[in-house]
Amino acid sequence: MNRSLVLTVLCFCFLLGPIFSVMLMAQEESSQAKEQVNYADFFQAADGLIEMLDLENTWKMTPPEKPEKEIIIAVLDTGVDTENKYFKKAKILLPGADFLGDERDPGKDVKDIRGHGTLVAGVIFKIYPEARIVPVRVAEPMFGWTSHAVLAQGIIWAADNQARVICIPIGSWMGSRTLKEAIRYAHKKGCVIIASSGNAVGANQDFYPAAYYDHVISVTDVGTNGMITHNANITPQTNLAALSSVYSSLPGNKFGWLSGSSSATAVVAGVTGLLLLKNPQLTPDRVKQILQQTASPIQIENFYPFFKAGIVDPVKALEKCDSQLSDRAISKFTVYPEKPAPGQTVYITVTVENQGNTRLIPNRLQVHLNNKVVLKNGAEWIRVPALDVAGSFSVNLITDSPGITGTYIASVSLELQARETNIKNNIAFKKIEVTGDEIRHVEIVNIKTSEAILGKKSLDFILTVRNPGNVDEQNIIIKSVVDKKLPDRIITLKAGETKIITIPWARQNPSDQAFIFSADCYLGNKSKETLHDSVTLNFHFDPDLSLPR
């Protein structure tokens, strides 16, 4: 059977007290659905899906569906049109749940009025025609409103009802403990959670639950030309990209377009179902790893330098998930400062990751700087323990830079093992420039808050501050402002050193729900500094909601 993708729905989220709303706004074309379209045309639509995903070869690589290998995909949205004759004919829909009434006693009416959930289901159907889709209605069918509590209930229900994939093409600009705990629960149950990164021109800010990146595959959208679309929302937590506009199904046996990150999320959900069909033993972390490692390069502008993801490639992903691969990889190799002074202390971090699909036996690695081994407790080799699939091991080393100015190479290499699938990622290099010039620069690497509960009288702002320069700094000033000025903090950082700074804040009005926190990090003598750093954090307080017992 042949298929293809579509889109015409934009998701916008806004905060309304403790409740977030998702407004699904269909473009005119999707509301003017075409009853005349032949079902074969639905699969063969000129939306670029078949070509972009190479679906003809993708389907050849997947085995027939078997009852014992049935892959259930939960679609958390406005519901799905259960009377759709094409869905009925293919028998893809399973009984779902409605959480818009009593959250603790879900109903069974998942009728979709707006059409967003039906469009998403249609995209999955076009990629994975034998999918078993469970509609979970968590968004009000006409306007798309929902809440953290309702979405969390839907996630938990899907995890408890054998869903292997949870597709969440909706979200909010604000997260909550309730939502985060539900995501964590589903991930622990073995669910692959795929969520939209949101649509917002130039926003580039966290969108939830996609921003819970440890347990979620966050998806943005690209056009058929492989370029990021104008309304894509991209953050460092975005993992993958997929097709932005796909022709799909609408209620009443009609057809229309689904667009934006909703479409891309549905595409990745369909591809994930095929991976699990071929290898049901894949863990959620392994699925994420395979999809990222096999993604094709992306055309992206310079103002997204942090975006390292690519476009989902099902053929390459299916190739990697099938055979037994033994693949150790150096996934992280950092040296600070990168421009040290002669004889300056240098901090080195190395992370080794299991990027194969089988458990790895213990191994060893070695680090060199200026052709000299960097020792760990006097030993030349550093032991890497056995690593489970997607497991990792990190080591921190401290050494001195060469005493003479010039350009040097730092390297890290893994001891070769038999049956290693890819040896290219077993070695990594870094160029280090030892300079007599003073490099003075302090920066805020990360900023977050302690758990922010509505009504709580205090919280902490947690800043990670680093000195990537080559001069030990004795007088680093951190100025911070929330709704009132907080006292300055003065700290000392050695060259290359990182510290975590906690700034406590007592709220003046615990009923207020949102604030803006800014921090400025600079040297006491600004004239000597090469650069300094400022950050701003928009945050809000969530109601103290709890998960069901």
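Just so we're clear, the structure is a prediction, and the values are computed from it rather than from any experiment. All heavy atoms count here, side chains included; hydrogens, waters and symmetry mates do not.
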Taking atom [atom1] of [X] as the centre, does the number of heavy atoms from other residues, nucleotides or ligands within less than 6.0 Å exceed 12?
X: Asp488; atom1: CG; value: yes
X: Ile423; atom1: CD1; value: no
X: Lys494; atom1: NZ; value: no
X: Lys188; atom1: NZ; value: no
X: Leu375; atom1: CG; value: yes

Write out all pairs satisfying salt bridge (charged side-chain N to carboxylate O under 4.0 Å, His left out) with one or both partners inside residues 324-343, taking only residues at least two apart or from two chains.
Arg328-Glu420
Pairs satisfying salt bridge (charged side-chain N to carboxylate O under 4.0 Å, His left out), at least one member in residues 344-355, at least two apart:
none
Would you say [X] and [Y] make side-chain contact, with heavy atoms under 4.5 Å?
X: Gln355; Y: Ser331; result: yes
X: Val192; Y: Arg164; result: no
X: Leu291; Y: Val268; result: yes
X: Leu360; Y: Ser326; result: yes
X: Ile490; Y: Ile476; result: no
X: Phe333; Y: Ile348; result: yes
X: Thr345; Y: Thr399; result: no
X: Leu49; Y: Leu55; result: yes

Between [X] and [Y] (side chain of the first, backbone of the second, donor and acceptor by atom type, cut-off under 3.5 Å), is there such a pair?
X: Asn467; Y: Gly469; answer: yes
X: Asn354; Y: Leu387; answer: yes
X: Thr220; Y: Ala241; answer: no
X: Asn225; Y: Met227; answer: yes
X: Ser263; Y: Gly260; answer: no
X: Ser176; Y: Leu179; answer: yes

Tell me whether Glu319 is salt-bridged to Lys316, with the criterion being a basic N under 4.0 Å from an acidic carboxylate O.
no
Taking the six-membered ring for Trp and the single ring otherwise, decide whether the centroids of Trp173 and Phe207 are under 6.0 Å apart.
yes
Decide if the gap between the ring center of Tyr347 and the ring center of Tyr336 is smaller than 6.0 angstrom.
no
Hey, could you give me the [atom1]/[atom2] distance between [X] and [Y], rounded to the nearest 0.5 Å?
X: Leu459; Y: Thr502; atom1: CG; atom2: OG1; value: 11.5 Å
X: Arg466; Y: Leu493; atom1: CZ; atom2: CG; value: 11.0 Å
X: Ile133; Y: Ile124; atom1: CD1; atom2: CD1; value: 5.0 Å
X: Glu433; Y: Asn470; atom1: CD; atom2: CG; value: 10.0 Å
X: Gln289; Y: Thr283; atom1: CD; atom2: OG1; value: 8.0 Å
X: Glu181; Y: Ile155; atom1: CD; atom2: CD1; value: 11.5 Å

Run the numbers on Ile477 and Arg489 for side-chain contact (heavy atoms from CB on, under 4.5 Å), then give the verdict.
CA-CA 6 Å; Ile477 300 174; Arg489 303 290 294 272; over 6 Å; no
At their closest point, which heavy atom of [X] faces which heavy atom of [Y], and how far apart are they?
X: Ile311; Y: Gly226; value: CD1-CA, 3.8 Å
X: Asp472; Y: Ala495; value: OD1-N, 2.8 Å
X: Gly154; Y: Leu76; value: C-CD2, 3.7 Å
X: Leu274; Y: Leu318; value: O-CD2, 3.8 Å
X: Gly223; Y: Leu243; value: C-CD1, 4.1 Å
X: Thr405; Y: Thr435; value: CG2-C, 3.9 Å

I'd like to know if the side chain of [X] pairs up with that of [Y] as donor and acceptor (distance under 3.5 Å, no hydrogens or angles considered).
X: Asn233; Y: Ser197; answer: no
X: Asp313; Y: Thr294; answer: no
X: His215; Y: Asp285; answer: no
X: Asn475; Y: Tyr522; answer: no

Please collect all side chain to side chain donor-acceptor pair (under 3.5 Å) contacts where either partner lies in residues 378-389, sequence neighbours excluded, each pair once.
Arg359-Asp388
Kindly determine whether Val384 and Arg364 satisfy side-chain contact (heavy atoms from CB on, under 4.5 Å), including the steps that lead there.
CA-CA 5 Å; Val384 179; Arg364 298 188 303 177; 5.9 Å; no
List the steps and the verdict of side-chain contact (heavy atoms from CB on, under 4.5 Å) for Asn446 and Ile500.
CA-CA 9 Å; Asn446 187 33; Ile500 295 177; over 6 Å; no
Given Asp221 and Thr229, is the side-chain hydrogen bond (donor to acceptor under 3.5 Å, both in side chains) satisfied, shown in steps?
CA-CA 6 Å; Asp221 52 301; Thr229 62; 2.5 Å; yes
What's the verdict on side-chain contact (heavy atoms from CB on, under 4.5 Å) for Val216 and Ile194, showing C-alpha distance, side-chain angles and the deciding distance?
CA-CA 6 Å; Val216 177; Ile194 302 162; over 6 Å; no
For Ser218 and Asn239, run side-chain hydrogen bond (donor to acceptor under 3.5 Å, both in side chains): C-alpha distance rounded to whole Å, both residues' side-chain angles, the deciding distance at 0.1 Å, then the answer.
CA-CA 5 Å; Ser218 172; Asn239 306 119; 5.0 Å; no
